[in-house]
Trainee: 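Provided herewith is a single structure, encoded as structure tokens, for subsequent inquiry.
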Amino acid sequence: MSGQRVFVMGHPIGHSRSPMMHGYWLKQLGIDATYTPLDIAPDDIAGFFAGFRDAGWTGGNVTVPHKEAVIPHIDAIDDDARAIGAVNTLWWQDDRLIGGNTDAYGFMANLDDRAPGWDRGAERAVVIGAGGATRAIVHGLTGRGMSVAVANRTEERARSLAAKFAGVTGHGMADLPGLLAEADLLVNATSLGMSGQPPLDVDLAPLKSGAVVTDIVYAPLETGLLKSAAGRGHETVDGLGMLIHQGAEAFRRWFGILPDATDELRALLIEDLTRSSH
Ligand code: ATR
């Protein structure tokens with residue numbers, strides 16, 4: 001394992017915490033490899049892939065806004081990427097460049113890690129939002145046998161997303177009170193509540209007691225949603241672990257080792273998030 005090279009491509013890419021995270025694991029495991037952020041504009045994707053084989057990459061991550069755009073440029077996608085309709089990880093299988101998606105894994109692993117037993121007797125989840133993150137989360141939850149209600153400001157987007165998955169229904173926000181009363185898990189899969197964005201305005205009073213509440217937003221770590229859920233006695237899980245676990249599974253595709261989501265790594269990321277919010 002000498003001098004392997006991995007990248008993350010996005011546009012912009014300066015905000016990405018992936019270089020810090022993968023750099024930590026490479027050092028911890030003593031692997032001789034680099035992880036490089038690449039700012040690639042949408043118009044430059046074809047050129048990037050035209051030179052891909054000669055560039056000698058071991059693999060890479062793909063982030064916003066390229067998760068769908070890379071698909072025509074690679075040799076195959078795996079079942080997760082097909083179900084989610086987006087790719088976040090690229091690796092070689094023999095001589096073929098494969099695109100996969102570790103976001104569903106990351107979401108589920110975060111819940112399993114931070115709220116062990118959360119799924120005991122859990123049957124129904126409510127996911128707010130109908131963008132790319134929701135597709136990954138719905139894929140993860142349905143894969144574990146949950147039935148899922150997707151609620152979105154634009155009801156039509158929720159309905160068309162739901163139509164692509166078995167056991168999923170699509171709703172407008174007006175249905176939320178009734179849905180929350182039956183929910184064992186509530187997920188915010190929008191960017192609302194992130195620093196600089198408006199808060200997610202949801203009345204948690206109807207939420208089933210014992211429901212677990214989680215958020216994909218991790219800056220701030222404790223969003224308004226998680227704060228009010230905790231205040232009502234719900235178990236909560238912040239979004240940072242989804243980032244960490246999707247990265248860990250991507251790392252495994254390149255290097256064959258699933259690295260640990262250590263407390264030290266979490267602290268390192270939190271410190272960086274705190275620093276950049278000032
Ligand atoms: P991505 O695909 O990256 O996940 P997205 O497609 O922009 O992001 O999705 C963001 C989600 O946040 C959507 O569900 C969006 O609702 P709409 O489909 O109605 O646009 C939701 N969202 C964003 N801003 C919102 C707001 N101010 N109020 C309610 N929902 C909002």
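Numbering of ligands and ligand atoms starts at 1, following listing order.
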Trainee: Return yes when atom CD of E264 has more than 12 non-hydrogen atoms of other residues, nucleotides or ligands closer than 6.0 Å, and no otherwise.
Mentor: no

Trainee: Can you pull the residues with any heavy atom under 4.0 Å from ligand 1?
Mentor: G129, A130, G131, G132, A133, N152, R153, T154, R157, T190, L192

Trainee: Quiz question: by atom type and distance under 3.5 Å, do the side chains of D260 and T262 form a donor-acceptor pair?
Mentor: no

Trainee: Backbone N or O of D238 within a donor-acceptor pair of the N110 side chain at under 3.5 Å?
Mentor: yes

Trainee: Under 3.5 Å, side-chain donor or acceptor atoms of residues 34-44 against the rest of the protein: list the pairs with distances, not counting sequence neighbours.
Mentor:
{"residue": "Y35", "atom": "OH", "partner": "N61", "partner atom": "OD1", "Å": "2.7"}
{"residue": "D39", "atom": "OD1", "partner": "H11", "partner atom": "ND1", "Å": "2.5"}

Trainee: Do we see a donor-acceptor contact under 3.5 Å between the side chains of H139 and D80?
Mentor: yes

Trainee: For the residue pair F48 and W57, does the interplanar ring angle fall in the parallel (under 30°), tilted (30 to 60°) or perpendicular (over 60°) class?
Mentor: tilted

